[in-house]
There are 2 protein chains.
Amino acid sequence: MSESEYLEAYDPRAFPAVAVTVDVVALTIIGGVLHVLLVERGEPPYAGRWALPGGFIRPGEDLDQAAARELAEETGMADRVHIEQLASYGAPDRDPRMRIVSVSYLAFAPDLPDPQAGSDAADAAWYGVDRLPKLAFDHEQILGHALERARSKLEYTPLATAFVGETFTISELRRVYEAVWGAPLHAPNFHRKILSVPGFVESTGETTESGGSRGGPRARLYRAGDARLLHPALLRPEREEEIR
Amino acid sequence: MSESEYLEAYDPRAFPAVAVTVDVVALTIIGGVLHVLLVERGEPPYAGRWALPGGFIRPGEDLDQAAARELAEETGMADRVHIEQLASYGAPDRDPRMRIVSVSYLAFAPDLPDPQAGSDAADAAWYGVDRLPKLAFDHEQILGHALERARSKLEYTPLATAFVGETFTISELRRVYEAVWGAPLHAPNFHRKILSVPGFVESTGETTESGGSRGGPRARLYRAGDARLLHPALLRPEREEEIR
DNA sequence: TTGAGATGATCTCAGTATGAGAATAACAAC
DNA sequence: GTTGTTATTCTCATACTGAGATCATCTCAA
């Protein structure tokens with residue numbers, strides 16, 4: 001039997017039926033606090049419960065495209081958003097309807113407008129990661145992994161620049177790290193470090209129009225550099241508990 | 001409509017039919033060279049072409065379980081094998097049969113016996129990563145991601161100990177790093193570094209029975225410590241090209 | 001038996017990176 | 001003006017890294 005004959009005779013229903021969804025962990029920083037986008041489910045299962053935005057992949061659509069579409073449906077923004085694949089979850093009973101494998105995505109964006117509830121969602125809102133409601137499905141586990149990944153990526157990639165505007169000050173960048181890592185950083189050392197990592201930021205030659213709202217001199221403005229990896233990396237303050 | 005009523009009325013066929021497979025990138029070190037396990041496909045599509053071992057997930061089986069099962073079918077070993085999820089691939093046309101989403105896994109093992117060809121494979125063999133045949137599907141892309149992940153994980157986790165036996169010498173550990181990173185390391189500095197990272201290795205108090213085959217004193221033996229993360233990390237020699 | 005070569009292990013030294021904090025200057029708000 | 005805040009630069013002690021010298025121990029072959 002040739003390859004083409006084989007494919008004609010092939011019966012797709014011979015394989016167990018599985019549905020594939022994408023779920024997006026969209027992060028932004030509001031008021032110095034890391035927030036995640038959640039939607040209130042309008043229909044069973046878990047009707048009324050908050051969950052990560054997501055949905056079934058469509059025929060002819062790649063996984064990345066599906067994730068970008070789901071995110072755009074909730075935020076209205078596809079621009080200036082960094083999105084990357086995270087992990088997949090396929091416990092047999094993770095969805096009461098049927099066998100569903102979920103591919104999770106992580107997205108980062110600068111200060112975003114209020115989210116729009118998508119078609120099958122009752123509501124959508126940004127939640128501070130320290131004030132989360134109980135989530136549907138295994139979404140708490142997914143979110144936990146996503147936060148750890150985000151914290152880790154900040155160490156060795158210039159990802160933090162995805163949370164700020166086109167141009168930014170070193171302090172703005174520092175506040176991103178502080179929000180995601182959840183700990184204050186030593187400002188002078190942070191400043192030295194950022195400027196010493198090749199390709200992380202480049203000076204625009206400009207400064208802010210005025211000092212900060214509570215005083216202080218005008219700050220120099222920078223834009224993202226061309227580095228894809230930070231070397232040497234910015235390491236998080238000690239986390240003894242995670243090592244063993 | 002209550003949740004239970006909803007679930008009874010639910011029609012799984014309302015969602016697009018997708019099949020989910022797991023593909024395993026199994027790595028080991030043979031003769032100081034990193035090798036990957038490949039199987040020769042016995043049936044279309046890509047009959048006769050080499051591919052990563054893998055297959056469809058079964059009903060009631062978690063993704064991790066499916067990956068471990070596929071690996072065991074080819075190697076006969078489930079013991080002493082580290083396995084972890086890597087990424088998922090779902091381009092609509094990546095398999096000519098139907099829409100297939102593949103969840104890839106990365107596995108590491110010490111020197112393994114010759115592989116067994118599984119049910120639907122014509123043959124199975126270890127290939128040095130520098131002498132690979134042309135692979136089926138998008139498996140070259142998957143393998144590329146897997147190798148990069150493996151190289152990266154060696155930096156900040158004690159993963160290298162999964163490639164050696166229960167007890168090992170510092171030199172054996174160094175040869176793992178050299179094989180995976182594909183570059184020679186400065187032996188004295190490596191030695192100093194391994195012993196200075198808390199929890200990476202612990203001494204057994206023993207030494208090898210004799211010196212190396214080409215001479216040299218007996219080496220001290222160590223076993224894996226209790227660290228889950230290496231701190232500070234072991235960094236790869238400069239890789240300027242990957243930074244920008 | 002002996003010498004050559006290989007290997008394990010330790011040490012030195014210079015260069016670089018980090019953590020902690022002092023010091024200086026520019027700004028907002030009162 | 002005065003006060004408090006913030007951006008930026010410096011200092012200094014400590015830690016980590018790359019490169020290489022040193023030395024003892026072992027295998028192998030002459």
Side-chain angles (χ1 to χ4, degrees), chain A residues 32 155-156 164 167-178 181 183-201 203-222 227 229-240 243, chain B residues 32 154-156 164 167-178 181 183-198 200-222 229-240 243:
Chain A
E155 293 192 306
Y156 61 94
V164 294
T167 67
F168 50 87
T169 67
I170 302 288
S171 293
E172 284 168 0
L173 202 56
R174 176 166 49 82
R175 276 184 271 276
V176 170
Y177 277 91
E178 290 175 333
W181 286 351
L185 297 175
H186 182 106
N189 288 347
F190 183 84
H191 197 278
R192 174 183 61 186
K193 175 74 187 178
I194 296 303
L195 296 185
S196 74
V197 174
F200 192 0
V201 301
S203 175
T204 65
E206 318 254 294
T207 69
T208 52
E209 292 294 321
S210 65
S213 60
R214 291 193 290 178
R218 298 176 183 188
R220 293 186 197 144
L221 287 169
Y222 298 84
L229 292 175
L230 305 184
H231 186 77
L234 278 94
L235 297 180
R236 276 178 269 186
E238 293 306 337
R239 25 182 193 127
E240 190 67 40
I243 292 179
Chain B
L154 240 52
E155 293 192 306
Y156 60 93
V164 294
T167 68
F168 49 87
T169 68
I170 303 287
S171 293
E172 284 170 358
L173 202 56
R174 176 166 49 81
R175 277 185 271 276
V176 170
Y177 277 90
E178 290 175 333
W181 286 350
L185 298 174
H186 182 106
N189 287 348
F190 183 84
H191 197 279
R192 173 182 61 187
K193 178 71 187 181
I194 297 303
L195 296 184
S196 74
V197 174
F200 192 178
V201 301
E202 55 186 36
S203 176
T204 65
E206 317 254 296
T207 70
T208 53
E209 292 294 324
S210 65
S213 61
R214 292 194 290 178
R218 299 176 182 186
R220 293 186 196 145
L221 286 169
Y222 298 84
L229 292 174
L230 304 184
H231 186 77
L234 278 94
L235 297 180
R236 275 177 272 186
E238 292 306 339
R239 26 183 191 125
E240 189 66 40
I243 293 178

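Please read these numbers as outputs of a predicted model, since none were measured by experiment. All chains are named by letter (A, B, ...) in the order of the sequence lines, taking the proteins before the strands, and each is independently numbered beginning at 1.
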> Taking OP1 and OP2 of D:dT9, is either one under 4.0 Å from a side-chain nitrogen or oxygen of A:R220?
Replying inline: yes

> Hey, does B:P188 reach any base, or is it just sugar-phosphate, or nothing, if we go heavy atoms under 4.0 Å?
Replying inline: base

> Could you state the CG-P distance from B:L235 to C:dA17, rounded to the nearest angstrom?
Replying inline: 12 Å

> With sugar-phosphate meaning primed atoms plus P, OP1 and OP2, does A:T169 contact a base, only sugar-phosphate, or nothing at under 4.0 Å between heavy atoms?
Replying inline: nothing

> CD of A:E172 versus P of D:dT8: gap in Å, rounded?
Replying inline: 11 Å

> Atom CG of A:N189 to atom C1' of D:dT6: distance rounded to whole Å?
Replying inline: 16 Å

> Counting just side-chain N and O atoms, does B:S171 come under 4.0 Å of either OP1 or OP2 of C:dG8?
Replying inline: yes

> Taking atom P of C:dG8 as reference, at what distance in whole Å does atom CG of B:L173 sit?
Replying inline: 12 Å

>> For C:dA9 and B:H191 - does any side-chain N or O of the residue sit under 4.0 Å from the phosphate oxygens OP1/OP2?
In response: yes

> Of the nucleotides D:dT25, D:dA19, D:dC16, which has the atom closest to the B:P217 side chain?
Replying inline: D:dT25

> Is any side-chain N or O of B:K193 closer than 4.0 Å to OP1 or OP2 of D:dT17?
Replying inline: yes

>> Closest-nucleotide mapping onto DNA chain C: is B:R218 or A:G215 further toward the 5' terminus? I mean the 5' end.
In response: B:R218

> Rounding to a whole Å, what distance do you find between A:H186:NE2 and D:dT14:P?
Replying inline: 17 Å

> To the nearest Å, how far apart are B:L185 CG and D:dG18 P?
Replying inline: 9 Å

> Rounded to the Å, how far apart are A:I194 CD1 and C:dT18 C1'?
Replying inline: 14 Å

> Can A:L221 and A:T207 be said to form a side chain to side chain contact (heavy atoms under 4.5 Å, CB included), step by step?
Replying inline: CA-CA 5 Å; A:L221 287 169; A:T207 69; 5.6 Å; no

>> side chain to side chain contact (heavy atoms under 4.5 Å, CB included) for A:Y177 and A:L234? Distances and angles first, verdict last.
In response: CA-CA 10 Å; A:Y177 277 91; A:L234 278 94; 4.0 Å; yes

> Contact class for B:S196 vs. all strands (heavy atom < 4.0 Å): base, sugar-phosphate, or nothing?
Replying inline: nothing

> Is there a side-chain polar atom (N or O) of A:R174 under 4.0 Å from OP1 or OP2 of D:dA7?
Replying inline: yes

>> Would you say that A:F168 contacts A:V176 through its side chain, given a criterion of any heavy-atom pair below 4.5 Å between the two side chains?
In response: no

>> Test salt bridge (Lys or Arg N to Asp or Glu O under 4.0 Å) on B:E155 and B:R236; report intermediate values, then the result.
In response: CA-CA 7 Å; B:E155 293 192 306; B:R236 275 177 272 186; 3.5 Å; yes

>> Please determine whether side chain to side chain contact (heavy atoms under 4.5 Å, CB included) holds for the pair A:T169 and A:V164, giving the CA-CA distance in whole Å, both sets of side-chain angles, and the decisive distance to 0.1 Å.
In response: CA-CA 9 Å; A:T169 67; A:V164 294; over 6 Å; no

>> Less than 4.0 angstrom between a side-chain N/O of B:R214 and OP1 or OP2 of C:dT7, yes or no?
In response: yes

>> Check the phosphate of D:dT27 against B:S213, side-chain N and O only, distance under 4.0 Å to OP1 or OP2. Yes or no?
In response: no

> Checking side chain to side chain contact (heavy atoms under 4.5 Å, CB included) for the pair B:Y222/B:T167: CA distance, chi angles, key distance, verdict?
Replying inline: CA-CA 5 Å; B:Y222 298 84; B:T167 68; over 6 Å; no

> Looking across every strand, which nucleic acid part, if any, lies under 4.0 Å from B:G216 by heavy atom: base, sugar-phosphate, or nothing?
Replying inline: base

> What integer distance in Å separates B:H231:NE2 from C:dT18:P?
Replying inline: 11 Å

>> Please compare A:E209 and B:R192 by the position of their nearest nucleotide in DNA chain C and report the one closer to 5'.
In response: B:R192

